[in-house]
There are 2 protein chains.
Amino acid sequence: MSHVEFRTSPPQYRHWRLAVDGPVATLVMDVDEQGGLVPGYELKLNSYDLGVDIELYDAVQRLRFEHPEVKAVVVTSGKEKIFCAGANIRMLAASEHAWKVNFCKFTNETRGGIEDATENSGQTYLAALNGTASGGGYELALACDKILLVDDRSSVVSLPELPLLGVLPGTGGLTRVTDKRHVRRDLADYFATRPEGVGGARAVQWRLVDEAVPRPAWEATVAQRAAEFAARGARPADVRGIELRELAKTRGDERIEYRYVSALLDRERGVAQITVLGPDADAPAGAAGIHAQGTDFWPLAVARELDDLILDLRTNEAPLGTWVVRTRGDAARVLAYDALLLENPQDWLAREIVLYLKRTLKRLDVTSRSIIALIEPGSCFAGSVLELALAADRCFQLAGVFEDVDPDAEPAAVTIGAMNLGPLPMGNGLARLATRFWGDEEGLAAAVAAEGKALPAEDAERLGLVTFAPDDIDWDEEVRIALEERASFSPDALTGLEANYRFPGPETLETKIFGRLSAWQNWIFYRPNASGPHGALRAYGTGRRADFDRKRV
Amino acid sequence: MSHVEFRTSPPQYRHWRLAVDGPVATLVMDVDEQGGLVPGYELKLNSYDLGVDIELYDAVQRLRFEHPEVKAVVVTSGKEKIFCAGANIRMLAASEHAWKVNFCKFTNETRGGIEDATENSGQTYLAALNGTASGGGYELALACDKILLVDDRSSVVSLPELPLLGVLPGTGGLTRVTDKRHVRRDLADYFATRPEGVGGARAVQWRLVDEAVPRPAWEATVAQRAAEFAARGARPADVRGIELRELAKTRGDERIEYRYVSALLDRERGVAQITVLGPDADAPAGAAGIHAQGTDFWPLAVARELDDLILDLRTNEAPLGTWVVRTRGDAARVLAYDALLLENPQDWLAREIVLYLKRTLKRLDVTSRSIIALIEPGSCFAGSVLELALAADRCFQLAGVFEDVDPDAEPAAVTIGAMNLGPLPMGNGLARLATRFWGDEEGLAAAVAAEGKALPAEDAERLGLVTFAPDDIDWDEEVRIALEERASFSPDALTGLEANYRFPGPETLETKIFGRLSAWQNWIFYRPNASGPHGALRAYGTGRRADFDRKRV
């Protein structure tokens, strides 16, 4: 496989069917056994690999932008007797550690996106389990607002990972069972050790599903629940979506290029040099202009490009351990686009774009790469674009200008805008600025008070918005040392360091999944008891029993 | 090494000196280089191993029980120029994975105990860094309420684990830097990549320490700060401590026995069968009786015995993956002891005993062993003792009696008491009962309403207090299957499962350390980049550079 592409569209789907009927959409999982992303496994029993999930992600995105009239999304299966058997085991067993971890991360993000649609866009997801949902299949259902399970004495929900594979249900399952569905922890424990699963009334009683529906009443009940959800949605029925046109992208071995975003892949130094361009025109006059521009509208275009770039680099370029982020453009224009979005909260598209930007920035927060922002003359780190610097592990802002390059340039500035004060929260529920000043109310207040001011390096450093503010004489050397040092450290330790430091303050269901749950799963995935030659993942389906080192760690 | 013992006392200390002067105690770390717990390393530069930390834990405990008059504890070093270099690297490099993880867990618990003393007992800890504090040395300081650093142009604080060893500062360092001291995350990032550390005014400015004190003013300033802390404490000066008499213990290869607690080590089945006895006499009449009985007072005796047993089993008996907990005794007596403790909140010793019980139960919550409670006739699962069942991953309560054994017995009962409603919170800040019913207000209210009632199996099951309530006919078979199944699963996956399921609901600084931080560290410890033959931990001190797999996971 050369590299994995995340761009797709419904006509290209091999595993999902998306049908929209007024306010109700149906998303049918019907996995093509022969359609695995890489050779070596068959996607039996509606099991999935990254390719299947890429299509699901695309469908969820399209529902939000292309079908704003949809208020209820029914997720169901096109197979008989089986909803979904979860992530494909042979794929997992054959995958490198890094692949497994990255696959789970993306899957988690898509599940989170489903919950975000339910919570923030009035698109409520309903899992219609017309057959057994196991492992990742049940975890997909857990991301939906309601779970209906057919009650036919054979269909069950289950989390068989622990007893069968010696790993965790790692896509949010453990966390959602207790923290979202409030299954009692001892019942949850029993459930997760029982490969035969739980169905019928017991599944309802234990809160594992919301309703167990007899087969004869199945279709009518699903339709009725979907109609009930659809009736609750506040969005008017006559909204018209915009088309998510194919993202223009040039991908070479040394460069990835979009319209506003580009990345230089410096393999020698292990660095991806990312540049984000500000708007090339003034913001349109009102909400109608956003609709007219559609995917050409700068904030939406940038969100899509960044989103794709993050996924591409994470999946295909593991040795590029540091991402350096620069921007170029007009800060005032950035702030004008931000204002246009925030001044139109009644417009569904304006809201969707902000929510999409939020989700894209959240991907950065959970990306296992060091992020360093370089704030130079000509950059536009303001408002929504400043979030890139606030998401970084460190930022450098040039004090003054590059005397040799452009002595007359305006010195680099950063500008706090309304987008930094709440609309783009991290997974912990706080704005990046508030997270930065967690426990330092005074520091936060001073930063907030500077809203709208173009802050040169000295001020930005004093206010704690940037880490260092070297001048022209020191800049190259300081940046070079920072990058070389970063590249010399243990990549694993950096990943752990960043996963801790990026999330001070409160934890939420979401951060618990990416923090506590995923960190444990990473460890378990790496242990011989799972992935060794005699581990459970390798033994599965061979008839051999796994051979465990019984010592508890 | 046969097995590690946690029992010690000041005359046996090799590494610490404890001096008490009225309301101020001084705890001097002066590690004996030749005093390592196992051969193969020298404890240079006040570095520590588990043996050093066992003494520290003992000192912290004795300060609370034997020296209640102490209101300020100064932690300092007996060496010139160095406060503490952290955990000994050669010890870490030579240790098995399980040992490293268990060592960090205990160290974390002791640091948490220091914070508990500050917060709940008015014994405020002050770190007087009379020289450099690196890594675990700085992490020890972070557990103190205030940190003073000598300002002599050479003494610094540092977290050099990442750049030098390729691992995390794993004893709470990362979490406390951002979540307790509120160091800005980008400065924290820079700090943790800088082995040369930060000292002087900059350390204060970045919030890494509270004061940088010039050498000439050092002793006077430390004394003055300690006196200020001591003056704040509310506890009267004339309180008299009780002696923590040596814990009587018999330790064989098949049994560990104390007065009220015992454990049968069933190596064949991988199970530790633990039995806790209720009080063998009625509770004394008032607080004076508690003081008179001292370490013979049943709740204190049980807390000490359980504490030692948990540490012993965790450290010495890793293959015993399941702990089965039974109790035997009079539930009414247990509740009477609980009431005596809770009715005397003004008595320092009554309070200390409850706090100690709290800490001991918290150890269970973070113990990587499956815990199964068996509630049988003759047991005393009431109030504080019921916490053992609430801490379990599953509980079985016999419905009825064992007909063949004692047909006339009283059926087993569980009784909720005041101790279950708040005084013994978990690390997440919630009582175990509230954690159990997280998100189920109705279920919690019904359980709380049953306070004081001896609940037979049917009622306890209906109220959700026990997992299963088999009768005499099914009991042996169900319990046997549960234990055999548990023993057949991947020990790693069980550890991950339990570490997630035991902590629904909110996260705190404490749970973040045991969850997010420790899980990442476990992973990093296990990776070749740290522990492989060319990993950073092994390369340290050899002059070789670590050879990293540069792929980010």
Side-chain angles (χ1 to χ4, degrees), chain A residues 97-98 101 162-163 166-168 174-175 178-179 182 184-190 192-193 270 318-319 321 368-369 393-394 436 438-440 464 467 485 489-493 495-497 499-501 504 507 512 515-517 519-524 526-527 529-530 536 548 550-553, chain B residues 97-98 101 162-163 166-168 174-175 178-179 182 184-190 192-193 270 318-319 321 368-369 393-394 436 438-440 464 467 485 489-493 495-497 499-501 504 507 512 515-517 519-524 526-527 529-530 536 548 550-553:
Chain A
H97 181 65
V101 170
L162 183 134
V167 300
L168 299 186
L174 297 188
T175 314
T178 51
D179 281 66
H182 308 306
R184 225 174 60 217
R185 52 167 280 211
D186 55 338
L187 298 176
D189 179 288
Y190 178 70
T193 62
S368 57
R369 303 291 190 278
D393 299 298
R394 293 191 204 166
R436 187 175 186 83
W438 176 248
D440 177 11
T467 321
E485 252 190 21
F489 295 145
S490 158
D492 303 333
T495 293
L497 184 87
N500 280 279
Y501 274 163
E507 299 263 354
K512 283 176 87 161
R516 182 185 277 272
L517 178 60
W520 278 111
Q521 178 78 314
N522 282 9
W523 176 71
I524 293 163
Y526 202 66
R527 295 270 293 167
N529 282 340
F548 294 132
R550 303 240 56 99
K551 275 208 292 281
R552 276 292 193 111
V553 173
Chain B
H97 182 64
V101 170
L162 184 134
V167 299
L168 300 185
L174 297 187
T175 314
T178 52
D179 282 65
H182 308 305
R184 227 174 60 216
R185 53 167 279 212
D186 57 336
L187 299 176
D189 179 288
Y190 177 70
T193 62
S368 58
R369 302 292 190 280
D393 299 297
R394 292 190 205 167
R436 187 175 188 83
W438 176 249
D440 176 11
T467 321
E485 254 189 21
F489 297 144
S490 157
D492 303 334
T495 293
L497 183 88
N500 281 279
Y501 274 164
E507 299 262 356
K512 284 176 86 161
R516 182 183 277 273
L517 176 61
W520 279 111
Q521 178 78 316
N522 282 7
W523 176 71
I524 293 162
Y526 202 67
R527 297 269 294 165
N529 282 339
F548 293 132
R550 303 242 54 101
K551 274 207 291 284
R552 274 294 191 110
V553 173

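Proteins get letters first, then strands, A, B, ... in listed order; numbering begins at 1 in each.
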What option among P491(A), A519(A), G439(A) has the most heavy-atom pairs under 4.5 Å with chain B?
P491(A)
Counting N and O atoms only, with roles assigned by atom type, does the side chain of R527(B) sit under 3.5 Å from a partner on the main chain of A493(A), one being a donor and the other an acceptor?
no
Pick one of side chain, backbone, both or neither for V101(B), based on which atoms fall under 4.5 Å of a heavy atom in chain A.
side chain
Scored by heavy-atom pairs under 4.5 Å with chain B, the best of D186(A), N522(A), I524(A) is D186(A)
Can you tell me which portion of A536(B) sits under 4.5 Å from chain A's heavy atoms? Options are side chain, backbone, both or neither.
neither
Give the member of G515(B), S368(B), G321(B), A192(B) that has the highest number of heavy-atom pairs under 4.5 Å with chain A.
S368(B)
Counting heavy-atom pairs under 4.5 Å to chain A, which of L517(B), T175(B), V167(B), L187(B) comes out on top?
L517(B)
Measuring from E507(A):CD to D179(B):CG, what's the distance to the nearest 0.5 Å?
8.0 Å
Ignoring hydrogens, what is the shortest heavy-atom contact between F489(A) and F548(B)? Give both atom names and the distance.
C-CE1, 3.6 Å
Does NZ or CZ of R394(B) lie under 6.0 Å from the centre of the six-membered ring of Y190(A), at an angle within 45° of the ring axis?
no
Select, from A499(B), A530(B), G270(B), the one with the greatest count of heavy-atom pairs under 4.5 Å involving chain A.
A499(B)
Side chain to side chain donor-acceptor pair (under 3.5 Å) with T495(B): which residues, sequence neighbours excluded?
R552(A)
Side-chain contact test, heavy atoms from C-beta onward, threshold under 4.5 Å: evaluate it for N500(A) versus L168(B) and give yes or no.
yes
Kindly say whether G464(B) contributes a backbone atom to a donor-acceptor pair with the side chain of R184(A) at under 3.5 angstrom?
yes
Any donor-acceptor pair under 3.5 Å from H182(B) side chain to D440(A) backbone:
no
List the residues meeting side-chain contact (heavy atoms from CB on, under 4.5 Å) with T178(A), not counting sequence neighbours, and say none if there are none.
A188(A), Y501(B), P504(B)
Which heavy-atom pair separates S490(A) from N529(B) by the least distance, and what is that distance?
OG-CB, 3.9 Å
Using side-chain heavy atoms (C-beta onward) and a distance below 4.5 Å, is W520(A) in contact with R516(B)?
no
Among the options Q521(A), E485(A), K512(A), pick out the one with the most heavy-atom pairs lying under 4.5 Å from chain B.
K512(A)
